[in-house]
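These notes are about the structure you will find just below.
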Amino acid sequence: MSTAMNFGTKSFQPRPPDKGSFPLDHFGECKSFKEKFMKCLRDKNFENALCRNESKEYLMCRMQRQLMAPEPLEKLGFRDLMDEQPEAKDK
């Protein structure tokens with residue numbers, strides 16, 4: 001006797017994320033930016049709003065090295081930081 005109960009014929013259809021997938025940083029091209037961001041988070045009690053510059057630099061590094069799709073920084077929530085010069089030239 002089967003114990004499964006079928007309440008309808010609809011099944012779950014998974015869909016890809018809105019932004020798609022992105023490659024991992026296997027070669028550590030942006031590791032220094034990631035470490036700087038993580039250190040900031042630890043130092044600031046994981047208050048991410050206090051580490052936005054580090055976050056922006058990390059994302060810029062990933063975009064420059066084609067580890068994520070290029071997006072305007074304004075669209076990523078950094079409109080207020082656009083006047084500051086990027087430092088994502090490390091490595």
Side-chain angles (χ1 to χ4, degrees):
M1 180 171 178
S2 176
T3 58
M5 297 161 74
N6 206 354
F7 293 111
T9 58
K10 290 185 180 179
S11 63
F12 174 72
Q13 294 293 333
R15 64 182 188 95
D18 291 338
K19 294 285 184 185
S21 63
F22 54 89
L24 297 175
D25 189 4
H26 291 290
F27 300 111
E29 297 176 73
C30 296
K31 184 176 181 177
S32 63
F33 294 100
K34 180 189 78 169
E35 293 300 321
K36 185 177 173 185
F37 175 59
M38 294 305 295
K39 181 183 181 330
C40 180
L41 286 176
R42 285 189 295 274
D43 292 348
K44 308 285 182 167
N45 226 12
F46 293 92
E47 190 69 40
N48 65 340
L50 301 175
C51 300
R52 293 184 64 233
N53 278 320
E54 291 80 0
S55 174
K56 180 182 82 167
E57 290 173 8
Y58 175 58
L59 293 174
M60 287 174 59
C61 176
R62 290 189 58 86
M63 286 187 282
Q64 288 171 353
R65 288 160 178 84
Q66 299 174 351
L67 295 169
M68 67 180 278
E71 288 279 345
L73 290 172
E74 298 90 1
K75 194 172 179 182
L76 295 174
F78 297 108
R79 181 181 310 264
D80 59 323
L81 301 178
M82 292 308 298
D83 293 335
E84 298 176 25
Q85 290 297 319
E87 296 179 23
K89 302 271 189 240
D90 195 11
K91 281 194 168 183

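Along the sequence shown, residues carry numbers from 1.
- Rounding to the nearest 0.5 angstrom, the gap separating the CG atom in Leu24 from the CZ atom in Arg62 is 7.5 Å.
- With hydrogens and angles ignored, the 3.5 Å screen pairs no side-chain donor or acceptor of Arg65 with any backbone N or O of Asp25.
- Residues Ser55 and Phe78 approach most closely at OG-CZ, 3.6 Å, considering heavy atoms.
- Grouping Ile, Leu, Val, Met, Phe, Trp and Tyr residues whose side-chain heavy atoms lie under 4.5 Å apart, directly or via other members, places Phe46 in a hydrophobic cluster with Phe37, Met38, Leu41.
- Considering only residues two or more places apart in sequence or on other chains, Lys39 meets the side-chain hydrogen bond (donor to acceptor under 3.5 Å, both in side chains) condition with Asp43.
- Considering only heavy atoms from C-beta on, Asn53 comes within 4.5 Å of Leu81 through its side chain.
- Applying the side-chain contact (heavy atoms from CB on, under 4.5 Å) test to Pro72 and every residue at least two apart in sequence or in another chain returns Glu74, Lys75.
- For Leu50, the side-chain contact (heavy atoms from CB on, under 4.5 Å) criterion is met by Lys44, Glu47, not counting sequence neighbours.
- Interatomic distance, CD of Glu57 versus OG of Ser32, reported as 9.5 Å (0.5 Å rounding).
- A distance of 10.5 Å separates CG of Leu76 from CZ of Arg52, quoted to the nearest 0.5 Å.
- Using a 4.5 Å cut-off on side-chain heavy atoms (C-beta onward), Leu73 and Met63 make contact.
- The distance from the NZ atom of Lys31 to the SG atom of Cys61 is 13.0 Å, given to the nearest 0.5 Å.
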